[in-house]
Amino acid sequence: MISAINQEIEAFLSSVKGINESSNQMILDKFSTSISDNLENGHLTTNVCMIAASVLKLNPKELAKDLEKHLKGLELFKDVEAAGPGFINITLKRKDFVSVLLKIKKIKEKFGESLIGHNKRVQIEFVSANPTGPLHVGHGRGAAYGDALGRILKATGNIVEKEYYINDAGRQIDILTASVILKIIQKDINNFFPQNAYKGKYIELIGEDFLAKEDFRYDNLESFAKNMPSDPEEEIDQVIKNLQGLDEKKWNAVKSFSLESIIKSIKDDLKDFNVNFDNWFKESSLGSLIESSSEISNSINKLKKGGMAYEKDGAIWLNTDSSGDDKHRVLIREDGRATYFASDVAYHKNKIDRGFDNLINVWGADHHGYIKRIQASIEAIGSNKERLIVKLVQFANLFKDGKKVKMSTRSGEFFTLKDLIKEIGSDAARFYYLSKQSDQHLDFDLDIAKSDSKENIFYYIQYAHARIFSLEQKFKETYPELDTNMRRIEDNTYSKCDMLIHEIAKYPNIVNKSALTLQPHLIIFYLRDLSQLFHSYYNDNHVLSESEENMLSIIFCLSAVRQTISNGLEILGITPMQKM
RNA sequence: GCGCCUGUAGCUCAGCUGGAUAGAGCAACUGCCUUCUAAGCAGUGGGUCAGGAGUUCGAAUCUCUUCAGGCGCGCCA
């Protein structure tokens with residue numbers, strides 16, 4: 001319907017005097033015809049006259065009068081009215097207005113889906129937490145956001161691949177390995193434990209699991225902790241070196257065991273959180289600098305060949321000018337080891353080579369200084385930095401009993417994602433993570449998430465869904481022989497549901513907007529508004545005591561409302577409740 | 001110092017590719033359960049959209065600036 005109206009508007013515009021091709025195009029690009037906010041403004045609204053007036057320096061109200069006349073003459077609509085500062089409000093014929101109900105009845109869970117993505121291949125990389133410990137609540141936000149984004153983009157016609165990048169190479173993993181070993185041998189070394197080692201309880205548990213599997217013993221540990229450097233960084237490096245020297249085979253065994261154990265726990269946590277990845281990409285698969293044909297060597301060679309990487313002060317640097325980064329960045333250190341950045345450059349080259357149209361990286365907000373150098377690396381390997389979209393997810397503060405929950409990674413004591421799921425459930429957790437724009441700080445209040453008041457929007461929406469579901473069940477039990485229909489709504493002898501119909505018609509636009517702006521929270525606020533309209537209706541109308549004909553139509557409409565709420569929750573990865 | 005995010009009702013937040021009277025919930029106060037789920041509904045009060053300037057027919061929305069808060073600025077990852 002909207003596209004038909006826009007065609008008429010286009011025809012109208014060409015008849016406006018003083019218009020030329022460029023101004024015409026400018027207007028067409030900027031105006032919109034949409035479902036009106038409010039039924040008082042008709043079913044559909046367009047702002048084209050105000051846009052045209054500003055481009056053409058005309059009076060918007062007069063233009064609106066002309067367009068009103070034009071549209072009225074078509075007899076396509078029940079009513080057309082110029083209103084306010086120059087809006088055109090259109091009231092549809094009854095049949096057109098209620099047609100959304102038929103559509104939902106027909107396509108069910110596909111209502112809201114679209115093709116605006118044009119089959120673009122989009123890769124979303126998210127979470128990608130270092131496998132050195134359990135996921136905490138900060139990771140949870142990235143997980144909920146990335147996964148919801150994936151679902152939304154998929155529903156809007158993109159081909160989506162979700163990926164987790166596992167940083168399984170480098171120093172962090174060595175520290176992890178050392179931490180586990182030190183816990184295993186703690187009795188023999190007088191409980192020596194460096195400040196910078198990982199401290200959580202999970203470290204001990206991994207050690208115990210390893211011992212259950214195979215024997216572990218070193219000889220001559222008496223002097224192990226003697227003469228350690230006082231600098232914490234140097235100390236942990238020394239510990240790693242010593243342990244590797246004691247028995248390299250054992251070191252490697254503990255290393256791979258610890259890694260696998262943590263990766264498994266991360267996968268389990270994410271699975272419990274209803275987050276699924278299509279691909280788990282290991283940093284180690286990029287190879288090392290020693291192998292001349294590894295991906296990491298190849299990408300650095302390519303950069304050198306292109307003149308974007310160069311040697312200075314004994315290190316290899318990347319020229320990052322193309323993205324306006326503050327300074328050039330080191331790829332290979334003076335001592336010959338690759339930086340984390342070098343791996344990341346190779347990883348992004350790998351992604352580009354896989355042929356995605358767009359890459360979306362979901363990163364913690366603390367990584368924002370990193371964006372420009374990665375963009376520069378993408379340009380440097382000969383691609384276009386616009387292909388990479390980085391979405392920063394700001395921190396989430398957790399509040400419990402009215403107080404902020406302290407997060408301390410250092411001590412190993414933090415609120416994990418697992419704890420959160422245990423506390424409020426996966427669905428509620430996802431919901432609250434998504435309830436605010438991702439690039440803004442989130443105060444996550446556990447007390448509200450568990451409360452049974454209207455303040456708890458999660459249950460408010462679920463309650464609407466459950467109430468309709470229960471109504472449908474009661475109706476089926478009481479009148480098993482009857483089929484619902486929309487006769488009374490279509491002939492306008494029952495119009496109390498109109499607000500609901502008008503609201504659900506907005507849903508596909510909400511999903512599209514959410515996909516275009518990468519903002520899942522729009523769907524949450526929409527669902528709240530829809531639920532509010534439903535609860536209000538439900539309170540004023542006792543459905544099952546209506547006349548049979550009315551009831552058939554009401555249930556028909558409410559089923560569409562339930563379907564819409566269900567679709568909105570599902571697209572966010574949340575399971576709708578059938579009873580509460 | 002530089003960069004990014006933020007500042008809207010007492011509190012938590014929507015609204016931001018400029019558009020109709022700035023919206024919800026909580027908190028405060030009033031009502032509504034012998035009927036389909038009261039985890040609900042209806043109502044009242046509450047605003048210098050941080051301050052200032054600019055662009056515009058029109059600014060919470062765009063630009064500049066001041067103030068306030070958060071985060072980041074390694075040959076760490």
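Chain letters run A, B, ... following the sequence lines, proteins first, then strands; residues in each count from 1. For clarity, every value in this text was computed on a predicted model and none was experimentally measured.
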Looking only at B/C75, B/A77, B/U37, the nucleotide nearest the A/D313 side chain is B/C75

Is the phosphate of B/G19, meaning OP1 or OP2, less than 4.0 Å from a side-chain N or O of A/K61?
no

For the side chain of A/H542, counting heavy atoms from C-beta on, which of B/A14, B/A42, B/C36 is nearest?
B/C36

Side chain of A/Q394 - closest among B/C5, B/A77, B/C13
B/C5

By the Watson-Crick or G-U definition, both distances under 3.5 Å, B/G3 is matched with B/C71

When you measure from the side-chain N and O atoms of A/R333 to the phosphate of B/A77, is any distance below 4.0 Å, counting only OP1 and OP2?
yes

Whether A/D326 and A/K372 form a salt bridge (side-chain N of Lys/Arg under 4.0 Å from carboxylate O of Asp/Glu) is what I want to check.
no

When you measure from the side chain of A/T339, which nucleotide among B/C57, B/C75, B/G69 comes out closest?
B/C75

Among the nucleotides B/G15, B/G72, B/G40, which one has an atom lying closest to any side-chain atom of A/Y460?
B/G40

Side chain of A/H368 (C-beta onward), nearest among B/G72, B/A38, B/A24
B/G72

Look at all strands and tell whether A/N541 reaches a base, only sugar-phosphate, or nothing, counting heavy atoms closer than 4.0 Å.
base

Pair of N/O donor and acceptor under 3.5 Å linking B/A20 base with A/N89 side chain:
yes

Please compare A/K312 and A/E455 by the position of their nearest nucleotide in RNA chain B and report the one closer to 5'.
A/E455

Between A/K436 and B/C13, is there a contact of a side-chain N or O with OP1 or OP2 at under 4.0 Å?
yes

Among the nucleotides B/A42, B/C75, B/C36, whichever has the atom closest to the side chain of A/V543 is B/C36

Would you say a side-chain N or O of A/K513 is under 4.0 Å from OP1 or OP2 of B/C16?
yes

Looking at B/C73, I'd like to know if its phosphate oxygens (OP1 or OP2) sit under 4.0 Å from a side-chain N or O belonging to A/R373.
no

Taking the six-membered ring for Trp, are A/F444 and A/Y433 ring centroids under 6.0 Å apart?
yes

Under 3.5 Å, is there an N or O donor on one side and an acceptor on the other linking the side chain of A/D366 and the base of B/G72?
no

Does the structure show A/H535 stacking with B/C41, if we require the centres to be closer than 5.5 Å and the planes to be within less than 30 degrees of parallel?
no

Nearest to side-chain heavy atoms of A/S545, which nucleotide of B/U35, B/G19, B/A14:
B/U35

